[in-house]
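Okay, so here's the structure we're looking at.
Just so we're on the same page: letters track the sequence lines, and every chain starts at 1.
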Number of protein chains: 2
Amino acid sequence: MSNKIVEIHESVIETMGRISSFWGFSKIMGQLYGLLYLSSKPLTLQEMAESLSISKGNVSINIRNLLRWNMVKRVWVKGDRKDYYEAETDFWKIIRGVLREREKKEFSQALSSIGKLRQQTKELKRISKTADIAFTEERLKNLEEFIANMDKMVSVFITLEDLKKNFWDLTKKA
Amino acid sequence: MSNKIVEIHESVIETMGRISSFWGFSKIMGQLYGLLYLSSKPLTLQEMAESLSISKGNVSINIRNLLRWNMVKRVWVKGDRKDYYEAETDFWKIIRGVLREREKKEFSQALSSIGKLRQQTKELKRISKTADIAFTEERLKNLEEFIANMDKMVSVFITLEDLKKNFWDLTKKA
DNA sequence: TTAATCGTTTAGAACAATCTAAATATATAA
DNA sequence: TTATATATTTAGATTGTTCTAAACGATTAA
């Protein structure tokens with residue numbers, strides 16, 4: 001590969017690293033993904049470690065996280081016992097997966113926490129009608145409604161994207 | 001305040017801290033916001049530091065960040081030289097602000113980085129037509145299109161929320 | 001002006017995350 | 001089975017973040 005194209009690859013990898021840490025993943029995860037995304041053939045742990053000048057162990061744990069988020073796939077190369085990896089290139093599929101597992105989980109957790117606490121406050125209000133209990137209940141009500149709405153928005157997004165995907169798959173088959 | 005309601009407040013504050021660090025803000029920021037959100041009157045630095053058992057300096061820098069994101073407001077209490085703070089309770093307004101400043105900035109930065117690199121790759125392709133240059137160009141094209149779409153989605157969201165807000169303001173005035 | 005009361009900054013401590021190199025575990029081929 | 005190639009785990013080093021206590025600076029009241 002020409003010098004210039006190698007430079008371009010490195011810049012893309014750097015950018016991916018920045019994006020990755022911005023979204024709360026590790027920098028290395030983004031860089032590994034960028035490396036694989038720009039590679040026309042699957043790569044081994046060893047190759048990735050050398051390309052990014054990091055240890056094999058570091059690649060190992062970060063690749064495992066990428067696998068967990070379905071951002072890379074492990075592929076088989078016949079006659080070679082090394083593991084090979086390639087990038088998942090369908091970004092919408094990645095987003096759907098991340099929203100489903102990460103955001104969804106966080107929203108429902110927050111929703112149930114706040115819901116429970118609001119319930120406790122309501123019960124308290126039945127017993128004693130003080131100003132601060134009423135105030136707390138009002139605030140928790142608004143908070144719970146907001147989180148429920150965010151939760152719904154994410155669900156709608158996932159559903160829409162799923163529909164789009166299924167429709168696309170159908171048109172391809174037909 | 002009763003013992004029970006204090007316990008509830010503490011749980012909400014804890015939950016807010018968790019949400020905050022999940023979204024890439026500091027835990028203390030979330031806790032401070034929670035404290036103010038549940039307070040029926042504005043609080044001083046001193047009061048917040050005592051409530052959360054953290055240093056005044058720590059409150060100072062975290063409150064400054066909350067102000068930066070328009071998540072809290074500084075309010076004046078006549079005849080008192082202390083600064084008082086209260087929570088911004090309009091969550092959609094907060095989201096709009098954060099998207100506008102944080103996400104927007106990140107998207108346009110990524111978009112311009114990748115755009116430039118894609119342009120360089122295109123120029124390279126005019127000179128020499130190797131397989132890896134063509135491959136790189138194809139990948140960068142897809143990546144750029146994806147980021148542009150995300151950017152558009154965020155813009156649409158902000159615009160819609162702004163419209164909703166303006167409409168609401170109008171109906172209130174009428 | 002001086003004393004008192006705040007808010008902010010800073011130096012260093014405490015803590016947490018990330019990385020490497022080496023050890024260990026696992027899988028394949030001879 | 002044994003030897004070899006590979007992946008994963010781990011202990012400790014490194015780095016980065018966040019916190020506190022104290023110093024500093026600014027503002028107000030006397």
If you only use heavy atoms from C-beta on, which nucleotide in dT20(C), dT9(C), dC19(D) is closest to the side chain of Asn58(A)? dT20(C)
Side-chain donor-acceptor pair present, Ser26(A), Asn62(A), cut-off under 3.5 Å: yes
Please give, in whole Å, the distance from dT8(D) P to Ile54(A) CD1? 14 Å
Give the rounded distance in Å between these two atoms: CD1 of Ile28(B) and P of dA14(C). 18 Å
Rounded off to whole Å, could you give me the NZ-to-C1' distance for the Lys27(A) and dT15(D) pair? 11 Å
At under 4.0 Å between heavy atoms, what does Ser21(B) touch on the DNA or RNA strands: base, sugar-phosphate, or nothing? nothing
Pairs under 3.5 Å (N/O, protein and nucleotides 5-7 of chain D):
unit_1 : atom_1 : unit_2   : atom_2 : d
dA5(D) : O4'    : Arg81(A) : NH2    : 3.1
dA5(D) : N3     : Arg81(A) : NH2    : 3.3
dT6(D) : OP1    : Lys82(A) : NZ     : 3.3
dA7(D) : OP1    : Asp83(A) : N      : 2.8
dA7(D) : N7     : Lys56(A) : NZ     : 3.3

So which one's nearest nucleotide on DNA chain C is more toward 5', Gly79(A) or Phe25(A)? Phe25(A)
Test side chain to side chain contact (heavy atoms under 4.5 Å, CB included) applied to Ile5(A) and Lys125(B), step by step: CA-CA 10 Å; Ile5(A) 200 82; Lys125(B) 207 167 72 172; over 6 Å; no
Under 3.5 Å, side chain of Glu138(A) to main-chain N/O of Phe135(A), donor-acceptor pair present? no
Spacing between Ile61(A) atom CD1 and dT9(D) atom P, to the nearest angstrom: 10 Å
Can you tell me the distance, in whole Å, between the CG atom of Asn62(B) and the P atom of dT17(D)? 15 Å
Is Leu99(B) linked to Ile19(B) within one hydrophobic cluster, defined over Ile, Leu, Val, Met, Phe, Trp and Tyr using a side-chain heavy-atom separation of less than 4.5 Å? yes
Can you hop from Leu160(B) to Val98(B) via hydrophobic side chains spaced under 4.5 Å? no
Taken to the nearest whole Å, CG/Asn65(B) to P/dT17(D) is 14 Å
Shortest non-hydrogen contact between Phe107(A) and Ile147(A), atoms and distance: O-CG2, 3.9 Å
Using the six-membered ring wherever Trp is involved, compare the ring planes of Trp69(B) and Phe25(B) and label them parallel, tilted or perpendicular (cut-offs 30° and 60°). perpendicular
Whole angstrom value for the distance that separates P of dC19(D) from CE of Met48(B): 15 Å
Given atom CG of Leu52(A) and atom P of dC19(C), what is their separation to the nearest angstrom? 11 Å
